[in-house]
Trainee: 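One structure, pasted below without further comment.
Numbering of ligands and ligand atoms starts at 1, following listing order.
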Amino acid sequence: ELPITVKEFAEEIGEAPNNLIVELMNMGVMANVNQSLDEDTLELLAEEIGVQIKFKTEEEEETLMRVGPEIEDKEEDLEVRPPIVTVMGHVDHGKTTLLDVIRKSRVAGSEAGGITQHIGAYQAKVNEKLITFIDTPGHEAFTAMRARGAQLTDIAILVVAADDGIMPQTEEAINHAKAAGIPIIVAINKIDKANAQPERVKQELTEYGLVPEDWGGNTICVNVSALQEQNIDELLEMIILVSEMEELKANPNRLADGVVIEAELDKGRGPVATILVKNGTLKIGDPILAGLTSGRVRAMFNEFGESLDKAGPSSAVEVLGFNEVPAAGDFVQSLEDERQARDVASDRQDERRQSELKSDAKVSLDDLYNQI
Ligand code: GTP
Ligand code: MG
């Protein structure tokens, strides 16, 4: 929890405070034991000394929280929904190429080949079934969601280049997916290359507890070439298969819950947020709350820039109508009452301000002591 001083952090990780001060000095940061560390410095320091840290602040928890009780859906109200898929993997292993080739050949829109706009997610259609791809790997919404232990996706596609094998970020991705408890489908990419060694990749996977199906395990691996568009259909079919096994369901007939994937202030249109609807249906006119901001859905657009009046489970839509720009990773909820949404948002802003004041006060006290 922030703020944290050098001394508190040292205690937390069982390290001598002096060692941390030396490490900080090496990083060009002059600090004493009572100094508060900001998030960036902490992150760098933790990386330097090889410890894993996770931030948890009260405000963050709060922006994730729903207002009112969690609504349990009745079994008979649930309907099958498309899987939400992310592509993960090491640098240069072909994530973007894979996402692009799927987008290009499989867009769900009526006029395939039409100009798609980047909204952070898109849907592909495979044998009349939809798959929602989040198309910004390593995106900040994930980091935010992950830090809060919340889950954004249903299935992880792990891209491993067959000429390179498992690398540090591959390992990281495996750990994230395991921690989230979501199934991993391995896309062994670049099999067109002369030096591709897909069998070696499979061998390496077993070392991480991912035993390929053809080796007697239950990890689905598909050899693909994103560049030459080889076996992309097989990969997509495997995604459908896994999603059917997962029995992913939602209730389209209720107020929407979702997550902000990305958001920005558009000069002409005001705050614009891409929202991934996780449950329920988001409709034009719905009062909405996202983190510290609220509003009313004024307009919604899909990835083709087409205007929509509703968005059901697992769809991603650009939403206009927020009073301010929400943050990526914020929990989104539509409410019956716009006043309630506004009140909750303003309460949260007050609390945020209060706690910022408190931490400012703490910093300046520390500074004062330093000068004595
Ligand atoms: P980062 O976003 O930097 O992490 O990389 P990435 O994983 O998105 O990889 P990207 O799709 O940008 O591909 C990296 C390079 O590998 C590019 O030069 C691609 O053209 C190439 N590449 C991707 N897929 C294949 C493939 O199937 N075969 C071959 N031969 N090259 C590929
Ligand atoms: Mg990329």
Trainee: What is the nearest protein non-hydrogen atom to atom 6 (P) of ligand 1, stated with its residue, atom name and distance?
Mentor: Lys95 N, 3.5 Å
Trainee: Considering only the protein, which heavy-atom contact is closest to atom 9 (O) of ligand 1, and what is its distance?
Mentor: Gly94 N, 3.1 Å
Trainee: N/O to N/O below 3.5 Å, does that happen between Ala226 and ligand 1?
Mentor: yes
Trainee: Step by step, work out the side-chain contact (heavy atoms from CB on, under 4.5 Å) result for Glu15 and Glu23.
Mentor: CA-CA 11 Å; Glu15 181 78 48; Glu23 205 59 60; over 6 Å; no
Trainee: Tell me, which protein residue and heavy-atom name are nearest atom 20 (O) of ligand 1, and how many Å apart are they?
Mentor: Leu227 CD1, 3.7 Å
Trainee: Check whether Asn189 reaches the backbone of Ala226 with its side chain - one donor and one acceptor, N or O, closer than 3.5 Å.
Mentor: yes
Trainee: Any chance the side chains of Thr274 and Glu318 put a donor and an acceptor closer than 3.5 Å?
Mentor: no
Trainee: Any idea which of Gln230, Met88, His93, Lys190 brings a heavy atom closest to atom 15 (C) of ligand 1?
Mentor: Lys190
Trainee: Quick one: does Arg296's side chain have a donor or acceptor within less than 3.5 Å of a partner on Ile288's backbone?
Mentor: no
Trainee: What is the distance from atom CZ of Arg269 to atom CG of Leu320, rounded to the nearest 0.5 Å?
Mentor: 5.0 Å
Trainee: What pair of heavy atoms forms the shortest contact from Phe133 to Ala124, and how long is it?
Mentor: CE1-CB, 3.9 Å
Trainee: Please identify which atoms of ligand 1 are closer than 4.0 Å to at least one heavy atom of Thr96.
Mentor: 2 (O), 6 (P), 8 (O), 11 (O)
Trainee: Pick whichever of Asp192, Val101, Asp164, Val159 has a heavy atom sitting closest to atom 28 (N) of ligand 1.
Mentor: Asp192
Trainee: Would Thr97 count as a contact for the Mg ion (ligand 2), in the sense that one of its N, O or S atoms lies under 2.8 Å from it?
Mentor: no
Trainee: Which distance, rounded to the nearest 0.5 Å, do you find between the CD1 of Ile239 and the CD1 of Ile155?
Mentor: 6.5 Å
Trainee: Using a heavy-atom cut-off of under 4.0 Å, does the side chain or the backbone of Lys193 touch ligand 1, or both, or neither?
Mentor: side chain
Trainee: Does the protein place a non-hydrogen atom closer than 4.0 angstrom to atom 17 (C) of ligand 1?
Mentor: no
Trainee: Under 4.0 Å, heavy atoms only, figure out whether ligand 1 is touched by the backbone of Val91, its side chain, both or neither.
Mentor: both
Trainee: What part of Thr97, side chain from CB on, backbone N/CA/C/O, both or neither, has a heavy atom under 4.0 Å from ligand 1?
Mentor: both
Trainee: Roughly how far apart are Lys190 NZ and His93 NE2, rounded to 0.5 Å?
Mentor: 6.5 Å
Trainee: Got the closest protein heavy atom to atom 24 (N) of ligand 1, with its distance?
Mentor: Asn189 ND2, 3.2 Å
Trainee: Mark yes or no for whether Asn231, through its side chain, and Asn223, through its backbone, hold a donor-acceptor pair below 3.5 Å.
Mentor: yes
Trainee: I'd like to check which ligand 1 atoms, numbered from 1 as shown, lie under 4.0 Å from a non-hydrogen atom of Asp92.
Mentor: 1 (P), 3 (O), 4 (O), 5 (O), 6 (P), 7 (O), 9 (O), 14 (C), 16 (O)
Trainee: Whether the Asn253 and Asp77 side chains hold a donor-acceptor pair (N or O, under 3.5 Å, no angle test) is what I'd like checked.
Mentor: no
Trainee: Measuring from the heavy atoms of His90, does anything fall under 4.0 Å of ligand 1?
Mentor: yes
